[in-house]
Protein chains: 2
Amino acid sequence: MSVDDAEALPERTRRRRAPKPHAAGVKAVAAAAGVSLGTVSNVLNRPEVVSPLTRAKVEAAMASLGFVRNESARQLRAGSSRILAYVMLDAGNPFFTDVAKGVEEAAQAAGLSVFLCTSSEDADREAAYLDLLEQQRVQGILITPIDQNSSRLRKLPSRGTPVVVVDRALDDASHCSVAVNDVLGGELAISHLLELGHERIAYVGGPNTIGQVIDRRDGARRALRTAGKPMSNLIELTTGALTVAEGRGAGQRLAGLPADRRPTAAFCANDLLALGLLQQCVSLGLRVPEDLAIVGYDDIEFAEAAAVPLTSVRQPRQLLGRTAAELLLDESSNPDHEHQRVTFTPELVVRTSTRGTL
Amino acid sequence: MSVDDAEALPERTRRRRAPKPHAAGVKAVAAAAGVSLGTVSNVLNRPEVVSPLTRAKVEAAMASLGFVRNESARQLRAGSSRILAYVMLDAGNPFFTDVAKGVEEAAQAAGLSVFLCTSSEDADREAAYLDLLEQQRVQGILITPIDQNSSRLRKLPSRGTPVVVVDRALDDASHCSVAVNDVLGGELAISHLLELGHERIAYVGGPNTIGQVIDRRDGARRALRTAGKPMSNLIELTTGALTVAEGRGAGQRLAGLPADRRPTAAFCANDLLALGLLQQCVSLGLRVPEDLAIVGYDDIEFAEAAAVPLTSVRQPRQLLGRTAAELLLDESSNPDHEHQRVTFTPELVVRTSTRGTL
DNA sequence: GCACTCTCTTGAAACCTTTCATCCAAACTC
DNA sequence: GAGTTTGGATGAAAGGTTTCAAGAGAGTGC
């Protein structure tokens with residue numbers, strides 16, 4: 001022990017400040033249990049390789065120290081996340097929450113958790129969430145995109161984050177997609193109304209930038225064509241959004257028409273519109289379906305619960321979500337996964353709003 | 001170059017396999033831009049300290065390499081998360097999605113992102129989410145808990161994850177909570193019905209394990225007491241859940257009663273019940289409000305949109321969410337934060353279902 | 001020219017976990 | 001009893017970022 005020794009040590013006062021006050025880590029647990037670091041990790045990740053006695057000691061130490069595994073560190077080292085995200089367009093529309101339920105079902109079955117994010121139809125928020133999720137290195141992203149041609153969206157898969165597009169049929173080869181045949185849905189709705197003898201039919205929907213709105217209208221036109229009716233029988237009422245409030249506005253416009261020019265039936269691009277329309281028309285004295293028959297789209301729970309139960313085009317909502325999640329899981333686990341485009345078939349549910357009582 | 005040199009090197013074939021194929025990190029960016037690691041980090045976190053020229057070079061390198069910051073590593077080192085979570089009871093109930101909207105507003109204003117989780121009224125799922133979020137070291141958790149006395153819930157704050165309880169008044173001192181005065185809400189509803197001259201009034205709600213259901217009923221009773229009416233004027237119909245389907249069931253029971261014993265008004269513990277009740281009663285030939293007046297609770301969007309617009313007790317849903325998020329932010333940033341219990345006041349919105357036209 | 005500032009840049013350490021090659025001792029094998 | 005197998009435990013290295021004390025140049029004042 002020479003004096004030199006003492007001087008040789010630089011004054012290591014470099015004290016990094018501890019970011020968080022205290023939080024027991026594997027190290028502390030290992031010390032408390034009298035085992036090594038690696039053993040604690042084994043208890044956490046491969047409990048079967050550690051002897052029951054040691055395991056018990058470690059588990060006791062964890063409990064008494066209130067150990068909480070640091071997921072960031074785990075993920076950094078292990079490189080895998082147990083999380084999957086669904087970026088929805090609008091949490092207020094029951095259609096999407098039902099899809100989310102399907103997603104969660106499938107995820108739970110695979111032992112994963114789901115985080116829900118809502119873009120609220122705001123492209124900036126959507127972009128921010130996509131960046132965040134990519135940085136988090138989530139297992140995969142399910143999304144009903146605002147703009148399906150966004151470059152951000154297209155780049156994700158090539159950088160290692162699988163993406164599945166929900167409720168939009170995508171012509172792009174970089175993702176899977178799950179959708180419902182909207183053209184057919186529109187056709188079903190209008191055929192039904194034509195069979196009931198309606199001649200002048202309104203199509204309520206908008207804006208015309210939304211794929212769904214266009215497809216459903218095209219389906220409506222096709223049904224007219226098939227029945228040999230003139231295209232002018234379809235009166236288009238364009239709305240600014242697919243909301244209850246817009247539906248009410250459309251009802252106002254419709255009810256304002258003279259009875260001999262007013263359509264006798266209306267087909268709405270979704271149920272929210274239809275519910276608004278229904279409410280407004282009834283409150284303005286029109287009888288549904290005698291004066292105006294109404295068909296909605298989505299068959300959300302509130303469609304059936306409306307005081308005049310709504311005829312609607314049903315989509316397999318939960319199945320949509322479940323399938324999307326399953327495609328995502330396949331993509332991230334199966335090395336020779338191939339992108340698919342799954343299309344479901346909608347179904348008409350007839351209720352009082354078109355058929356009257358019985 | 002002696003032979004010894006060659007032999008001195010142990011054969012370091014210890015090749016750890018690369019977990020992920022390739023993903024440009026700060027290191028690669030630094031190399032590409034010809035700067036040091038620390039500079040790249042500065043561009044990311046303190047752009048103002050790096051010269052414009054260098055910054056441009058680094059940013060160009062990032063873009064061309066498709067650099068995506070690894071959030072796990074960031075969080076591990078920096079110790080802070082930019083995420084906040086809201087664990088909801090039921091995404092299908094518009095009440096909760098509106099609360100979520102408020103949460104997101106406040107979070108966005110503070111530069112944070114929100115992940116939504118749904119427990120679907122399942123205690124195990126709730127527990128799993130809480131564990132996961134704690135392991136993720138999120139900034140904080142907002143929750144409408146299934147069981148507010150859960151030990152897991154109570155332990156979280158002491159381990160460093162702030163919690164705010166939403167829509168439940170908590171007697172515990174370890175969290176903030178934000179709620180609405182449900183007793184008062186019940187009182188408002190019944191007072192309104194009494195003023196309209198109703199004598200026999202049904203209270204539809206359940207199960208009686210839910211705080212809200214009990215409080216709203218107690219409010220109803222208090223209103224009767226205040227008005228000097230006998231308690232037997234309140235006929236209780238207990239339901240199994242707060243859903244549309246259960247509401248329909250209650251409607252069936254109600255409509256089945258002989259007219260002289262049937263209540264002339266019903267107060268439902270939430271709007272989903274009220275909508276189901278409304279639908280069933282109308283379809284069974286009762287007129288609303290002439291034969292049966294109905295008051296709901298929550299004033300969700302579909303209450304107003306029902307064909308007979310529903311009188312309902314409105315809660316400041318978004319404000320609830322916003323306030324909860326703000327309390328959480330205060331707790332995690334303000335060192336001398338004090339737990340609060342905020343209670344909002346509900347408001348009666350009168351519509352056709354009690355007052356008839358006009 | 002010299003001593004100082006000031007502005008940027010640098011690189012090693014630290015964050016907490018998982019992984020895996022090694023090691024140890026006890027139990028078999030012949 | 002020498003050699004081999006086996007069941008468990010070990011600890012150093014690695015993963016990608018942020019932080020911060022210290023270094024490098026350029027500029028300024030006298």
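Predicted model, so just to flag it, every value in this text is computed and none were measured. Labels below follow one simple rule: chain letters A, B, ... track the order of the sequence lines, proteins then strands, and each chain is numbered from 1.
Within 4.0 Å (heavy atoms only), Thr54(A) reaches sugar-phosphate atoms of the nucleic acid but no base atom.
Contact annotation: Arg77(A) side-chain N/O to dC15(C) OP1/OP2 distance is not under 4.0 Å. Within the 4.0 Å cut-off from OP1 or OP2 of dT18(D), at least one side-chain nitrogen or oxygen of Ser41(B) is found. Close to dT18(C), at under 4.0 Å from its OP1 or OP2, lies a side-chain N or O of Arg69(A). Close to dT18(D), at under 4.0 Å from its OP1 or OP2, lies a side-chain N or O of Asn45(B). Taking 4.0 angstrom as the limit, Ser36(A) places none of its side-chain polar atoms (N or O) nearer than this to OP1 or OP2 of dA9(D). Regarding contacts with the backbone of dG8(D), every side-chain N or O of Arg46(A) stays at 4.0 angstrom or more from both OP1 and OP2. Residue Ser51(A) has no polar side-chain atom (N or O) positioned under 4.0 Å from OP1 or OP2 of dG8(D).
Between the CG atom of Asn70(B) and the C1' atom of dT18(D) there is a distance of 12 Å, given to the nearest Å. Atom CG in Leu53(A) sits about 13 Å away from atom C1' in dA9(D), given to the nearest Å. Between the P atom of dT17(D) and the CD atom of Glu71(A) lies a distance of 18 Å, rounded to the nearest Å. Rounded to an integer number of Å, the gap from Gln75(A) CD to dC15(C) C1' is 15 Å. Between the CZ atom of Arg74(A) and the C1' atom of dG16(D) there is a distance of 15 Å, rounded to whole Å.
Between Leu37(A) and Glu48(A), the residue anchored closer to the 5' end of DNA chain D is Glu48(A), taking for each the nucleotide with the nearest heavy atom.
Judged by distance alone, the side chain of Thr39(A) and the main-chain N or O of Val35(A) form no donor-acceptor pair under 3.5 Å.
Salt bridge absent: Glu134(B) and Arg152(B) never bring a charged side-chain N and a carboxylate O closer than 4.0 Å.
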